[in-house]
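Below: the structure, in structure tokens.
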Amino acid sequence: MTDVAVIGFAQSPCARRDDAGTGGVEMLVPILAEAFQGTGLTKDDVGFWCSGSSDYLAGRAFSFVSAVDAIGAFPPVMESHLEMDGAWALYEAWVKVLTGEADIALAYGFGKASSPGSLRRVLALQLDPYVLGPLWPDAVSIAALQARLGLEAGAWTEQDMAEVAARSRAAAAGNPQAQVSGEVSAQELLGRPYVADPLRAHDCAPVGDGAAVVIRAAGDRARELCDRPAWITGFEHRIDSAALGARDLTTAPSAAAAGRAAGAGAGALDVAELHAPFTHQEIVLRGALGLGDGVRVNPSGGALCGNPMFAAGLARIGMAAREVMSGRAARALGHATSGPALQQNLVCVMEGGQ
């Protein structure tokens, strides 16, 4: 098997958009062009394409087929799709390159969450259909239950949660793709009303639309195309029980297991981009992945400042790779999550200098 590296990344601005359809073409075309321009590639160079999106979110069957218009219907391409965040599409693309079926692979994810339906209601469809599903609990309410359990167990405080939000918004000031950014104090945030006790608006990721693209290449091809590729040294995902009452919601065993399997603890990490749509979930993930104070967490602002469904996890890996490719980090971790209350977790560890 060959070495594989991330060589390109692009992300659309996270925002509520009226000019984009649910097929994602309007969001994908500009960032595909940006990614190709940055690497000197063309669509003809890509040996495998893989996408992540949701027909449920779009409200129509096979909606992802429309996104293929951004690729072009001719000549025929090797293409695949997952009903998951684009991070899992990146995993499939990694396997294709790793096994030699393609030298260059491109993964993309997109989602239009601000319409046509209610995101909270759509996400309830991922719950088990017998016990939780019929109650239609929304994602924010489930996260609030998780936050309350942690507060009562003494695992974190509302002050801790507000400090995560304040730090994330300050970091996002340097990210032009962020939906929310700016300096604000934790005390000011704590003075605002609850939206789902104990969560306030700043504790929850904003609802917005967006897309992300990551290009990866094998061995010498990666070295030709990128001055400093982000070499993937570990890439794993694990899943916990879908039954919320069957696991301790104040921990994330699947994140810890994925981190161990990916070798997150094998060396010092400089940066970690965590896909934490709620402030307390960043605290959970930091503990699960064993991230110390010396690790810069979410220098992009993270999902709390822009959480395009089915693209946010892929963007975390892309942002982590960008830190390595730019030389700002020697070793970085990208994380993605799916399902209620951090049910499923994926970890990608990257290094420079191979």
Side-chain angles (χ1 to χ4, degrees), residues 120 123 137-173 175 178-207 240 244-256 258-259 264-265 269 271-307 312 316 333 335-337 339-345 347:
R120 289 189 178 190
L123 290 179
D138 63 83
V140 175
S141 296
I142 290 175
L145 291 173
Q146 182 184 35
R148 175 56 63 191
L149 286 171
L151 288 170
E152 294 186 357
W156 54 77
T157 66
E158 291 188 31
Q159 176 74 27
D160 295 332
M161 293 160 61
E163 288 175 356
V164 169
R167 192 202 72 243
S168 298
R169 293 188 178 201
N175 179 7
Q179 186 172 349
V180 178
S181 64
E183 296 284 345
V184 63
S185 70
Q187 289 304 314
E188 180 182 345
L189 293 174
L190 287 170
R192 296 176 182 178
Y194 294 114
V195 294
D197 191 353
L199 300 181
R200 298 172 172 87
H202 63 262
D203 292 309
C204 312
V207 176
D240 292 316
L244 297 181
R247 55 189 172 104
D248 179 1
L249 297 183
T250 65
T251 64
S254 61
L269 287 166
V271 170
E273 281 281 348
L274 305 180
H275 184 193
F278 300 92
T279 51
H280 66 278
Q281 290 182 352
E282 180 185 302
I283 299 170
V284 173
L285 290 169
R286 288 183 72 126
L289 295 170
L291 302 180
D293 293 337
V295 180
R296 290 187 290 124
V297 175
N298 290 341
S300 68
L304 286 170
C305 297
N307 188 41
R316 303 281 67 74
L333 179 150
H335 162 268
T337 191
L342 300 175
Q343 181 199 1
Q344 187 168 358
N345 292 278
V347 172

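Keep in mind that this is a model prediction, so the values were computed, not measured.
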Quiz item: With a 4.5 Å heavy-atom cut-off, do Thr337 and Pro277 have their side chains touching?
Solution: yes
Which side-chain N or O atoms in residues 283-295 pair as donor and acceptor under 3.5 Å with protein atoms at least two apart or in another chain?
none

Exercise. Heavy atoms only: give me the nearest Ala173-Ser181 pair and the separation to one decimal.
Key: N-CB, 3.8 Å
Self-check item: Distance-minimising heavy-atom pair for Val195 and Cys204
Solution: CG2-SG, 4.2 Å
Self-check item: Of all pairs that satisfy ring-ring contact (aromatic ring centres under 6.0 Å, His included), the ones with a partner from residues 141-171, not counting sequence neighbours
Solution: Trp156-His280
Practice problem: Sequence neighbours left out, what passes side-chain hydrogen bond (donor to acceptor under 3.5 Å, both in side chains) with Arg120? Give chain and number order. | Solution: none
Self-check item: Residues in side-chain hydrogen bond (donor to acceptor under 3.5 Å, both in side chains) contact with Arg167, at least two apart in sequence or another chain
Solution: Glu282
Exercise. Output all residues satisfying side chain to side chain contact (heavy atoms under 4.5 Å, CB included) with Val180, sequence neighbours left out; order by chain, then residue number.
Key: Arg169, Pro206
Self-check item: Sequence-distant partners of Pro299, side chain to side chain contact (heavy atoms under 4.5 Å, CB included), two or more places apart
Solution: Val271, Glu273, Arg296, Glu323
Quiz item: Which atom pair, heavy atoms only, marks the closest approach of Ala196 to Ala144?
Solution: O-CB, 3.5 Å
Practice problem: Enter the distance from Leu199:CG to Thr279:OG1 here, rounded to the nearest 0.5 Å. | Solution: 6.5 Å
Practice problem: Any salt bridge (Lys or Arg N to Asp or Glu O under 4.0 Å) involving residues 152-164? Give me the pairs, sequence neighbours left out, ordered by first then second residue. | Solution: Glu158-Arg200
Exercise. Report yes if some heavy atom in the side chain of Cys305 is under 4.5 Å from a heavy atom in the side chain of Asn175; otherwise report no.
Key: no
Practice problem: Just jot down the ring-ring contact (aromatic ring centres under 6.0 Å, His included) partners of His275, sequence neighbours excluded, or say none. | Solution: none
Quiz item: Can you name the residues that form a side-chain hydrogen bond (donor to acceptor under 3.5 Å, both in side chains) with Thr250, not counting sequence neighbours?
Solution: Asp248
Exercise. Grab the two heavy atoms, one from Ala205 and one from Asn307, that are nearest each other, plus how far apart they are.
Key: CB-CB, 3.5 Å
Quiz item: So, for Gly259 and Val347, which heavy atoms are closest and what is the spacing to 0.1 Å?
Solution: N-CG2, 4.0 Å
Exercise. Can you see which heavy atom on Pro198 is nearest to which on Met161, and at what distance?
Key: O-CE, 4.2 Å
Self-check item: Check: Gly339 main-chain N/O paired with Gln344 side-chain donor or acceptor under 3.5 Å
Solution: no
Exercise. Using side-chain hydrogen bond (donor to acceptor under 3.5 Å, both in side chains) as the criterion, list what pairs up with Ser254, not counting sequence neighbours.
Key: Asp240, Asn345
Practice problem: Indicate yes or no: at least one non-hydrogen side-chain atom of Val184 is less than 4.5 angstrom from one of His202. | Solution: no
Quiz prompt | Atom pair CG/CG of Asn298 and Leu274 - distance to nearest 0.5 Å | solution = 5.0 Å
